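Note that the numbering runs from 1 along the sequence shown for the chain. Keep in mind the model is a prediction, meaning the values are calculated, not measured.
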Amino acid sequence: MTGANEQLVRRIAVWTGVAVLALVSFFLVTLAIPVPSWRTGRLHAPPLDMVQGGPEVATSRRIWIDTDAACGASPTSDPDDCLAIILLANADALEIAGISTVFGNATLDITDTTTRTLVAMLDRPDHASIIVHRGSSAPNTTGTHPSDLAYAALQRALAEGPLTILALGPLTNVAAALKDRPDLQRNVARLVAVMGHRPGHIFHPSEGSSGGMLFGHGPVFRDLNFTKDPAAAAAVLAMRMPVTLVPYDVARQVILGEADLERMANTPVGQWVASRARGWLKFWREDIGMNGFHPFDLLAAAYVLDPRLFNCAAARAWIGPDQQLWFDWFYRPDALLVGRNDASPPENRSNVTLIYCPEAEPRLKEWLIRR
């Protein structure tokens with residue numbers, strides 16, 4: 001290479017670096033601009049036809065919990081799954097037919113160990129009858145689960161009669177158990193899943209406060225349960241079973257703080273979960289800028305117990321890129337999107353009607369703490 005060519009290459013490298021730095025700086029500066037859509041993470045979406053107390057739904061007394069509980073395994077591991085399991089285990093009106101574990105919030109080894117530890121501590125005379133089944137460690141790409149104990153256990157439970165399935169993590173186990181089994185799909189009284197959002201909405205916990213990172217914009221969360229295994233979510237929706245989505249939107253209406261954790265710590269299992277939740281609470285205080293956290297999965301468990309605590313709508317859901325978000329110009333991941341029943345999704349993939357619950361009754365938090 002001649003000296004002139006070397007000099008040209010160096011100039012190109014310098015100007016490329018300057019351009020990249022300018023783009024990054026521009027992006028960071030835009031975070032400081034008080035634009036409502038940045039600050040709230042909520043572009044306009046046509047309103048849903050909400051029903052106070054939700055449209056009436058049929059559920060089963062028998063429930064199955066599918067969980068990716070990590071519950072304090074790291075400072076950024078939420079306690080929500082453990083809180084959800086405790087809430088349901090204390091409900092006399094329900095029969096927990098089984099619990100399956102799945103990857104998601106952490107590796108399967110962590111979620112399985114955490115769930116078994118929690119169940120062993122439950123303060124109920126028949127806690128030993130709740131069996132934990134080890135499930136999927138990764139998204140299922142082959143269509144076979146010969147070694148997953150959860151796969152067969154969930155099938156047996158469904159064969160015995162109607163079952164409400166509460167999915168607190170990716171839908172990998174559920175999709176595997178129900179694949180090519182319309183007879184079992186008919187016994188799903190309702191699937192309650194923690195995922196989905198309106199077009200143009202992002203998971204932005206700070207919601208415009210000035211205490212979080214990135215000029216108060218705060219971190220943006222993924223729709224984790226969907227993004228961990230989009231193919232499983234698509235497969236389950238295509239089965240057209242009764243489905244309720246309990247999304248991020250409703251969780252942001254309930255905040256649990258230090259005082260709430262103290263109130264929970266009046267039993268050995270409550271104290272264990274509360275102690276493991278403090279790292280998560282610190283993360284929300286220091287990085288997100290809030291004095292408490294939103295208990296996503298706990299609210300889905302509350303819906304299983306009493307759907308009337310939520311305001312919901314019959315809505316249309318589909319899978320495709322969220323074309324209302326500005327970064328869709330160069331990054332187009334699939335999302336589980338929810339719109340009005342008369343919505344015309346641009347991409348007709350897994351286009352189904354379901355129940356979507358983005359609002360909670362004001363009394364929900366106190367109802368949760370009492371239990």
Closest heavy-atom pair, Leu184 versus Ala159, reported as atoms and distance to 0.1 Å, is CD2-N, 3.8 Å
Nearest heavy-atom contact between Phe226 and Ala233 is CD1-CB, 3.7 Å
In terms of heavy-atom contacts, Ala138 and Thr172 come closest through O-CG2, 3.6 Å
Distance flag, aromatic centroids of Phe203 and His197, threshold under 6.0 Å = yes
Looking only at heavy atoms, the pair that brings Leu245 and Gly196 closest together is CD1-CA, 4.4 Å
Result for side-chain hydrogen bond (donor to acceptor under 3.5 Å, both in side chains) between Arg134 and one of Thr115, Asn173, Asp109 points to Asp109
Residues joined to Leu108 in its hydrophobic cluster, side chain to side chain under 4.5 Å directly or through other members, sorted by chain and number, are none
For this session: Look at the aromatic rings of Phe296 and Trp284 and report parallel, tilted or perpendicular, splitting at 30° and 60°.
Result: tilted
Note: Phe310 and Cys357 closest approach over all heavy atoms is CB-CB, 4.3 Å
_Charged N-O contact under 4.0 Å between Asp260 and Lys365_ = yes
Sorted by chain and number, sequence neighbours left out, salt bridge (charged side-chain N to carboxylate O under 4.0 Å, His left out) with Glu95 holds for Arg61
Sequence neighbours excluded, the answer for ring-ring contact (aromatic ring centres under 6.0 Å, His included) partners of Phe103 is none
